[in-house]
Protein chains: 2
Amino acid sequence: MSSHWQTFYETQAKPDNYDEQMKLVRSFVQSHLDQKVALISSGGTTVPMEHNTVRFVDNFSAGTRGSVSTEYFLENGYAVVFLYRWKSLEPYSRHLQGSQILDSLDVIQGDVIVKEESKSKLLQIITKYQKVENENRLLRVPFTSLFDYLWFLRGICTELAAFGPKCLLYLAAAVSDFYIPSEQMVEHKIQSGGGPLSITLQLVPKMLVPVTTSWVPHAYVISFKLETDENLLVQKARKALDTYKHKLVIGNMLQTRKSRVVLVTQTEEKEIILSSEELKKGGEIEQRIVEDVIRRHEQYLADR
Amino acid sequence: MSSHWQTFYETQAKPDNYDEQMKLVRSFVQSHLDQKVALISSGGTTVPMEHNTVRFVDNFSAGTRGSVSTEYFLENGYAVVFLYRWKSLEPYSRHLQGSQILDSLDVIQGDVIVKEESKSKLLQIITKYQKVENENRLLRVPFTSLFDYLWFLRGICTELAAFGPKCLLYLAAAVSDFYIPSEQMVEHKIQSGGGPLSITLQLVPKMLVPVTTSWVPHAYVISFKLETDENLLVQKARKALDTYKHKLVIGNMLQTRKSRVVLVTQTEEKEIILSSEELKKGGEIEQRIVEDVIRRHEQYLADR
C-alpha cells in the first residue's frame with residue numbers, strides 16, 4: 001500500500017535548499033499576480049538506493065516535453081515556474097547541446113566571434129531568451145530526487161493557489177511511482193561482494209489527490225501518461241481522470257512521443273499528430289499541444 | 001554468482017550502432033598508431049528494468065573526472081578515445097553548461113556577438129577545442145546502458161591492442177556492479193497497481209579480467225574506486241590490484257572527490273590533495289592526477 005501523502009512529508013526530509021528556493025518562488029509570485037501562470041514540471045526524478053547516494057533508480061526523460069513547452073507558454077504571455085531535473089534540458093539552452101555551441105564560435109586574430117552560418121539561429125534564441133529574462137517571466141527550480149520534487153511541488157502549488165483559476169499545472173515530469181523510504185535506506189554504497197542484489201520499492205503516494213483537492217483546487221491541472229503498451233494508454237488516462245477529477249490527461253507512447261499525443265478529458269479524446277514531413281522541417285509537437293491547452297485554459301476561465 | 005564474461009557477450013545483444021561506431025574507432029586508430037593513446041571512460045551506466053525502458057538503475061556520475069582528465073591528456077599530446085555516457089559532461093563544452101552560453105552572447109542591432117566580459121574565457125576554450133579537432137585527436141563514443149558500455153569497452157580495447165604499451169586505459173566511468181539480464185527483463189513499463197516492487201539484480205562479470213589478460217595485455221591500465229565509507233577505500237583498491245594485476249587504482253570518496261584522491265599501486269600509496277585555496281582559484285585535481293599518471297606511463301614505457 002502507498003502511505004498517505006501527509007505521512008510522506010512527515011517522514012521524508014525536505015531539501016537543504018528548500019527555504020532559499022521558496023523565497024524566490026514567493027518573490028516571483030508577487031511580481032506576476034495579474035498574469036496567467038503555469039507550473040511546468042520536467043525531467044525524471046531519482047530514487048536513491050543509499051543515503052550516501054551512488055546508485056539510484058531513475059525515470060527516462062531528457063526533459064524535452066517540459067522544456068520545449070515552456071518556450072511556447074512564455075511566447076504566449078504566461079509566467080512560468082519551471083520545476084526541472086537538474087541537468088535535464090532547459091528552455092532556450094536546449095538548442096545548444098554538447099559541442100554545438102563550440103562549433104558556432106570561431107577565433108579570428110585573437111578575437112572570439114560568432115560564425116556567420118550560426119547567426120540567424122542564435123539571433124532567434126538569444127532574442128527570445130533576453131525578452132523573457134528582462135520581463136522576469138521564467139523561474140527555474142531544479143530538483144534531483146523524488147523527495148526534492150515532491151517537496152517543491154507542494155511548496156510551489158501552495159504559493160500558486162493565489163492565482164486561482166489563472167494558474168495552470170502542466171505536470172510533464174516523469175515521476176517515479178516507487179521509492180525507498182529514508183528509514184529503509186542503507187547508509188553507504190551497497191557492496192557487490194554479497195552476490196545478487198534484491199531491493200524492494202514502496203509505492204509513492206498519489207500526489208494528484210492533494211494537488212486537486214487541497215493545494216490548488218481552482219487551477220487548471222494537466223497530467224501526463226507515458227506508456228509503452230498502446231492498449232493501456234487511453235484506459236489509464238481515463239482512470240486517472242476518474243480518480244483525480246482534474247481537467248486533462250495528455251497520453252503518449254514512449255516510441256512515438258515526438259509525433260503523437262492523445263488529449264483525454266472527461267468528455268472527449270483528441271489526437272495531435274505531427275507528420276514526418278513536419279518533423280523533418282523542425283516542427284515541434286509541443287507547439288500544437290500548448291496552443292490547444294491554452295485554448296482550453298481560456299475556455300475554463302471564461303466559463304467561471 | 002557473476003556469470004563468466006564470455007557468457008555475458010553471448011547473451012546480451014550488441015548496440016544497434018555498434019558496427020558503425022567501431023568503423024570510426026578503426027579509422028581513428030589507423031591515424032594515430034605512432035602516438036600514445038588513452039581510452040578514457042566517463043559517466044554512469046544505466047541498467048534498464050524493462051525492454052521498453054522507462055525505468056532504470058543508474059550510477060551517480062556527472063562525468064567530471066573523465067571529461068576534465070581528457071582535456072589534460074589531450075594537452076599532453078595523447079590521442080583520446082572518450083567513451084562517455086550520452087549527455088554527461090564532455091571536454092571543452094563542459095565549461096558552457098545550462099544558460100551560461102546564452103548569458104555570454106548578446107544582440108546588438110540585429111547582430112549576435114560575444115559579450116566582452118566572456119571573451120577571454122571563450123578564447124581559451126575555443127582555441128584548445130579547435131586545435132584538437134584540427135589534429136583529429138579526440139574520438140567521442142557515446143553509451144547509455146551498461147550493455148552499450150561493455151560492448152564498446154571490448155571492441156575499443158581489441159582495436160587499441162595494436163598500440164601495445166603505448167596504450168593507457170583510464171577507466172573513470174561509474175559502471176554498475178549489478179544488472180538485470182535481458183532474458184529476465186519484462187517487456188513493458190512496470191505498472192504501479194500491483195503494490196510494492198521487488199527487483200533482483202545479478203552481478204556483472206568483472207571485465208578487468210579480460211581487459212588485462214586478453215584484450216590489451218600490454219596496456220597501462222588504471223581503474224577507479226569510489227566509496228562512501230573511508231574505511232573501505234584503500235583496502236578495496238588493494239584487493240582490486242591483487243585480483244586484476246593491473247598498474248594503478250585511483251581511489252576517492254564521494255564526499256571529497258574534487259579535492260582528494262589516493263593513488264594505490266602494488267608498492268605504494270600516494271595522496272593528491274587540492275587545498276580549498278587552490279579549488280577557489282579554479283584549480284582542478286584532474287590536472288595533478290593526469291600529470292602523475294603520465295609520468296608513470298612514461299616510466300612504464302622506459303622500463304620495457
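Here is how names work: the chains are called A, B, and so on, in the same order as the sequence lines, proteins then strands, and each is numbered from 1.
- At a threshold of 4.0 Å, the pair B/Arg260-B/Glu230 counts as salt-bridged, since one of the basic side-chain nitrogens sits closer than that to a carboxylate oxygen.
- The parts of B/Tyr92 that come within reach of chain A are both its backbone and its side chain, each placing non-hydrogen atoms under 4.5 angstrom from that chain.
- Both the backbone and the side chain of B/Ile199 come within contact range of chain A, each with at least one heavy atom under 4.5 Å from a heavy atom of that chain.
- Both the backbone and the side chain of B/Ser99 have a heavy atom closer than 4.5 Å to some heavy atom of chain A.
- Here the CG-OG1 distance, from B/Leu150 to B/Thr45, works out to 7.5 Å after rounding to the nearest 0.5 Å.
- Residue contact with chain B, scored on non-hydrogen atoms closer than 4.5 Å, involves the side chain of A/Leu254 exclusively.
- The choice from A/Ile125, A/Val47, A/Asp106 that makes the most heavy-atom pairs within less than 4.5 Å of chain B is A/Asp106.
- Here B/Val54 is the residue among B/Val54, B/Val107, B/Leu122, B/Thr46 with the most heavy-atom pairs under 4.5 Å with chain A.
- Chain A forms the most heavy-atom pairs under 4.5 Å with one residue out of B/Asp229, B/Leu197, B/Val57, and that residue is B/Leu197.
- Contact of A/Gln255 with chain B is made through the side chain alone, with heavy-atom distances under 4.5 Å.
- Within residues 131-147 of chain B, the residues having any heavy atom under 4.5 Å from a heavy atom of chain A are, by residue number, B/Arg140.
- A/Ile101 touches chain B through its side chain: at least one heavy atom from C-beta onward sits under 4.5 Å away, while N, CA, C and O do not.
- Using a cutoff of 4.0 Å between basic side-chain nitrogens and carboxylate oxygens, B/Asp58 and B/Arg85 are scored as salt-bridged.
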Practice item. Check step by step if salt bridge (charged side-chain N to carboxylate O under 4.0 Å, His left out) holds for B/Lys115 and B/Asp103. Key: CA-CA 8 Å; B/Lys115 286 182 185 167; B/Asp103 292 325; 5.3 Å; no
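- Aromatic pair B/Phe56/B/Tyr179: ring centres not closer than 6.0 Å.
- Heavy-atom distances place the side chain of B/Leu232, and not its backbone, under 4.5 Å from chain A.
- With a 4.5 Å cut-off on non-hydrogen atoms, B/Leu96 touches chain A through its side chain but not through its backbone.
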